[in-house]
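Please read the structure below before turning to the comments.
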Amino acid sequence: MLAVHFGAGNIGRGFIGNLLYHSGYETCFVDVNEEIVQLLNERREYRVVIADSSQEEEVVKNVRAINSKLHPEQVVEAIAEADIVTTAIGPNILPLIAGLVADGLRKRLEKSDKPLNIIACENMVGGSSLLKEKVFEQLTSDEKAQFEVRFGFPDSAVDRIVPNQVNEDKLMVKVEPFYEWVVEETKIVGEKPDITGITYVPELVPYIERKLFTVNTGHALAAYFGYYYGVDTINQAMEKGQIHDLVLGALKESGKMLVEKYGFSQETHEQYIQKIIGRFSNPYIVDEVTRVGRSPIRKLGPNDRLVSPARQYYELFESQPIHLLKGIAAALLYDFQGDEEAVQIQSMIKEQGLEAAIEKYTGLDSASAIFKGIVEQYNQLKNEK
Ligand SMILES: NC(=O)c1ccc[n+]([C@@H]2O[C@H](COP(=O)([O-])OP(=O)(O)OC[C@H]3O[C@@H](n4cnc5c(N)ncnc54)[C@H](O)[C@@H]3O)[C@@H](O)[C@H]2O)c1
Ligand SMILES: O=P(O)(O)OC[C@@H](O)[C@@H](O)[C@H](O)[C@H](O)CO
């Protein structure tokens, strides 16, 4: 069985590639990083090390790779032959691979009538649906009808903390022990892919919102407040009492919203939060606040981990989720020069003012109570600095 996986980065090698191997797939990675592509093709295997006291090591075999910039035609061929296609490239990159995916699926239709599922494993609500939309923008109406029958784009949620790697062995990946991959069963075409580690659910939205608005919301607060207080890594940030309490406060707010919206058990959700706080504090992982805080424009987006839970909280309870608003304010203050999006936000604030920036990046109405709450928290944090 052949899997084509876009993105041989942290989560691609450290999580998806690992599960695919253990489920009997040959994995063909597609990436634009020539060094990683070459190494994968030379060695045909790589190591995954579990970041806990065991430091247990697994070897992922049966892998190869294609540089999609140099050999797009090989990617098209691989998709035409694949038994599954997955991605872990980042939400902003999904639209950029849509043309290649469309070409691969066209080619496949010429060759066979075998169904295929394309699963985006990105931190966003509706990743596969977005990829489908972008692929469909490239098609004629006849092609759209054929694609609808043959190809499934089930949404998915993936959870495993995989920091940036600084190992001598460029292919080796250190990963936390915990992992979860949830896939929307109802959008699968043909047989359900038999991948050890996937949990199939009828509807994904509750699962992706639970994951994004707990793991990633808490992570974002730890990152932006870590940066604000001059701390380098997430576990160091979590050791600071005030950051720990801000993260916990935000997770209580998003949790209250999620429990009310989806009817999750309060007790189970509290355990979920505690487990996540423990994962952030893992002493065997060095996860820089600048990785976790990366792309603040994306993270401040209306449907992402900060603004969406804050807005939904206000809609349900008509009161201000103070900790979430503080998190949004800290993201607006994030001025790391190595992050293009942070630089963009700072120049927008400088040139057009804070309110224009909030409106642009969060999509919130300037007359709304939470908009005003963000301004208040921002000014407070700025003055305290
Ligand atoms: N690292 C984590 O802890 C983690 C956990 C869960 C989900 N995710 C999600 O997984 C996705 C990838 O994150 P990551 O941490 O692995 O990032 P990463 O930067 O380590 O990996 C992304 C890879 O995609 C490649 N890439 C970029 N443009 C490409 C293109 N046009 N075609 C093919 N490959 C391309 C990059 O070269 C890189 O190897 C993101 O959506 C992220 O939110 C990450
Ligand atoms: O990948 P991002 O930029 O959406 O978010 C950064 C981290 O919060 C994220 O990568 C987590 O480590 C991951 O989502 C854990 O499952």
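All ligand and atom numbering here is 1-based and tracks the order in the structure. Counting begins at 1 with the first residue of the sequence.
Both tests pass for Arg210 against the ring of Tyr272: distance under 6.0 Å to the centre and angle within 45° of the axis. Tyr200 carries Lys192 over the face of its six-membered ring, with the cationic atom under 6.0 Å from the centre and within 45° of the normal. Cation-pi geometry between Lys134 and Phe136 is not met at under 6.0 angstrom from the ring centre and within 45 degrees of the axis.
Residue contact check for ligand 1: Ile89 places a non-hydrogen atom closer than 4.0 Å to it. Close to ligand 1: Arg294, with a non-hydrogen atom less than 4.0 angstrom away. The shortest separation from a heavy atom of Lys69 to ligand 1 is not under 4.0 Å, leaving the residue out of contact. Contact annotation: Arg305 has at least one heavy atom less than 4.0 Å from an atom of ligand 2.
In terms of polar-atom proximity, Phe6 is not counted as a contact of ligand 1, lacking any N or O under 3.5 Å from an N or O of the ligand. Checking only distances, Lys299 does come within under 3.5 Å of ligand 2, N or O to N or O. For ligand 1, one of its N or O atoms has an N or O atom of Asn123 under 3.5 Å away.
Within 6.0 Å of the CD atom in Glu318, the count of heavy atoms belonging to other residues, nucleotides or ligands does not exceed 12. A 6.0 Å sphere centred on NZ of Lys252 holds no more than 12 heavy atoms belonging to other residues, nucleotides or ligands. Residue-environment remark: OH (Tyr207) stays at or below the threshold of 12 foreign heavy atoms within 6.0 Å. Annotation for Lys350: atom NZ does not count as buried by contact number, only 12 or fewer foreign heavy atoms lying within 6.0 Å.
For the residues Asp304, Asp159, Asn216, Leu212, the heavy atom positioned nearest atom 16 (O) of ligand 2 is part of Asp159. Across Asp287, Asp31, Asn33, heavy-atom proximity to atom 25 (C) of ligand 1 is greatest for Asp31. With distances taken over non-hydrogen atoms, the option nearest atom 1 (O) of ligand 2 out of Arg294, Lys211, His219, Arg291 is Arg294. Closest heavy-atom approach to atom 9 (C) of ligand 1 among the candidates Ala88, Ala8, Ser68, Cys121: Cys121. Here atom 31 (N) of ligand 1 lies nearest to Ile93 when heavy atoms of Val162, Ile93, Val173 are compared.
Under 4.0 angstrom from ligand 1, the non-hydrogen atoms of Arg160 all belong to its backbone. In Arg298, the part holding a heavy atom less than 4.0 Å from any atom of ligand 2 is the side chain. In Glu122, neither the side chain nor the backbone holds a heavy atom less than 4.0 Å from any atom of ligand 2.
The existence of a salt bridge linking Glu253 and Lys256 is excluded, since no basic side-chain nitrogen approaches an acidic carboxylate oxygen closer than 4.0 Å.
Of the protein's heavy atoms, Glu122 OE1, 2.5 Å lies nearest to atom 41 (O) of ligand 1. Atom 4 (C) of ligand 1 has its closest protein heavy atom at Ile11 CD1, 3.5 Å. When only non-hydrogen protein atoms are considered, atom 20 (O) of ligand 1 lies nearest to Asn10 N, 2.9 Å. With respect to atom 27 (C) of ligand 1, the closest heavy atom belonging to the protein is Val32 CG2, 3.9 Å. The protein heavy atom nearest to atom 21 (O) of ligand 1 is Gly9 CA, 3.4 Å.
Of all the heavy atoms in Tyr179 and Gly197, the pair that sits closest is CE1-CA, 4.4 Å. Of all the heavy atoms in Cys28 and Ile66, the pair that sits closest is SG-CD1, 3.6 Å.
Between Tyr334 and Tyr227, the two ring planes are perpendicular [angle over 60°; tilted spans 30° to 60°].
At distances below 3.5 Å, not a single donor-acceptor pair connects side-chain atoms of Thr268 with backbone N or O atoms of Phe264.
Shown in contact with Ile161 at under 4.0 Å from a heavy atom are these atoms of ligand 1, numbered in order with element: 3 (O). The contact set between ligand 2 and Asn123, taken as ligand atoms under 4.0 Å from a residue heavy atom, comprises 1 (O), 2 (P), 4 (O), 5 (O), 9 (C), 10 (O), 13 (C), 14 (O). Atoms of ligand 1 found under 4.0 Å from any heavy atom of Val30, numbered from 1 in the order shown, are 33 (C), 34 (N). For ligand 2, the atoms closer than 4.0 angstrom to any heavy atom of Val292 are 6 (C), 8 (O). Taking every non-hydrogen atom of Val158 and a distance limit under 4.0 Å, the qualifying atoms of ligand 1 come out as 6 (C), 7 (C).
Judged by distance alone, the side chains of Thr27 and His5 never bring a donor and an acceptor atom under 3.5 Å apart. Defined by atom type and a distance below 3.5 Å, a donor-acceptor pair is present between the side-chain atoms of Glu270 and Gln266. Side-chain atoms of Glu58 and His22 form a donor-acceptor pair, as typed in the model, at a separation below 3.5 Å.
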